[in-house]
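Just so you know, ligand 1 is whichever comes first in the structure, and atom 1 is the first atom listed for that ligand.
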Amino acid sequence: MSTSAISIKGLTKKYDGKFAVAGIDLEVAYGEIFAILGPNGAGKTTTVEILEGYRSRDSGEVRVLGDDPQALGEKKYSWRERIGIVLQSSADAGDLSVRETVHHFAKYYERAKDPESVIALTGLSEKADDKIRNLSGGQRRRLDVALGIIGSPELLFLDEPTTGFDPEARRAFWELIKQLRDEGTTILLTTHYLDEAEALADRVAVIAGGKIIEISPPETLGGRHLAQARVTWVEGGKSHERLTSTPTNDVATISARLGGEIPELQVIRPSLEDIYLQMIGGQE
Ligand code: ATP
């Protein structure tokens, strides 16, 4: 019995003789939000669909909620009840309203959430009586999420969940995801967005070319927390620059020397984006 919600060892998958997933190992703990970050074609969707039981693997060991998604046998239906899936492209049910669709899906699950509260939670109350085909892209995506969580899943898969969202909808969506995590849901999300990984994930796996480059909390990805800060300022009419691990101390010293304000002071640290581009740049 695995103690992780997801356990992957030595996972590989080839298409036409080429590795899409070239030996991945990772563990996702119960209750964790885990993000898989990587460029187009990195192998994210392939990995996630293997975990969901929608694609077969070539080799490696996979356990999802303790079971092998490729060998579920008669556990198939009870296992499916415990996971929620939000795929990249949504199914079409154009003539039904949001409310009809959510109520309809709720009937499939033994432990369904209250459909009206899911509609409210996903910010669709005002659109509840609109037909799905009249929704905007972002609203449809929220409906996908509503359908993914209606069955109270223990584990939720989100494949690029906020693609096409405006900034306000993304923030609202992040709050929703945090709320689900606080209720104990384990969440695996794939994303292209660094700020999304930073805002949500307890840990991030960066993958490129079917391989994991690093797994760590977003704060320490790529040794970011150890990277030196660049302090720049103007003193005696000249620009100065210093790389330092103790910028606060340095600024205090310079300030004391100058008797207060430091002209044109800047303290610059590498952003998550700088680090990420460096990481995947070396792989591509
Ligand atoms: P994106 O961010 O663009 O969604 P991804 O990280 O999800 O990319 P995958 O969709 O897993 O990447 O694709 C990984 C590699 O496998 C790519 O080179 C892709 O072209 C290839 N691939 C994916 N699905 C298939 C398929 N059904 N048949 C053949 N090749 C495939």
S.K.: Quick one: look at H192 and ligand 1, take heavy-atom pairs under 4.0 Å, and tell me if it's side chain, backbone, both or neither.
M.R.: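 The side chain, only.
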S.K.: Give the atoms of ligand 1, by number and element, whose distance to some non-hydrogen atom of A42 is under 4.0 Å.
M.R.: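 Checking each atom against A42, I get 5 (P), 6 (O), 12 (O).
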S.K.: Does CD belonging to E183 count more than 12 external heavy atoms closer than 6.0 Å?
M.R.: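 Buried by this count: over 12 neighbours within 6.0 Å.
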S.K.: For ligand 1, is there an N or O atom under 3.5 Å from any N or O atom of T45?
M.R.: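 In this structure, T45 places an N or O atom under 3.5 Å from an N or O of ligand 1.
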S.K.: Quick one: does E273's side chain have a donor or acceptor within less than 3.5 Å of a partner on L194's backbone?
M.R.: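 Looks like no, no N/O pair under 3.5 Å.
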S.K.: Are more than 12 heavy atoms, taken from residues, nucleotides or ligands other than Y15, located less than 6.0 Å from that residue's OH atom?
M.R.: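 Atom OH in Y15 is crowded, with more than 12 foreign heavy atoms closer than 6.0 Å.
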S.K.: Quick one: does P39 get within less than 4.0 Å of ligand 1, heavy atoms only?
M.R.: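 Checking ligand 1 against P39, which is what was asked, there is a heavy-atom contact under 4.0 Å.
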S.K.: Judging by distance only, is a nitrogen or oxygen of G43 under 3.5 angstrom from one on ligand 1?
M.R.: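 So ligand 1 has an N or O lying under 3.5 Å from an N or O of G43.
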S.K.: Atoms of ligand 1 less than 4.0 Å from T46 heavy atoms?
M.R.: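 Once the distances to T46 are compared, the set is 9 (P), 11 (O), 13 (O).
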S.K.: Report yes or no: does R55 have a heavy atom closer than 4.0 Å to ligand 1?
M.R.: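 Heavy atoms of R55 do come under 4.0 Å of ligand 1.
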S.K.: Measuring from non-hydrogen atoms of E160 to any atom of ligand 1, is the shortest distance under 4.0 Å?
M.R.: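 E160 counts as a contact of ligand 1 under the 4.0 Å cut-off.
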S.K.: How about R99: does its CZ atom have over 12 heavy atoms from other parts shown lying under 6.0 Å from it?
M.R.: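 Yes - once you tally the heavy atoms of other residues, nucleotides and ligands closer than 6.0 Å, there are more than 12.
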S.K.: Considering only NZ, NE, NH1 and NH2 on the basic side and carboxylate oxygens on the acidic side, decide whether R171 and E168 come within less than 4.0 Å.
M.R.: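 Judged by the 4.0 Å cut-off on N to carboxylate O distance, R171 and E168 do not form a salt bridge.
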S.K.: Under a 3.5 Å cutoff, is there a donor and acceptor pairing between the side chains of E160 and T190?
M.R.: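 Looking only at side-chain atoms, T190 and E160 do not form any donor-acceptor pair under 3.5 Å.
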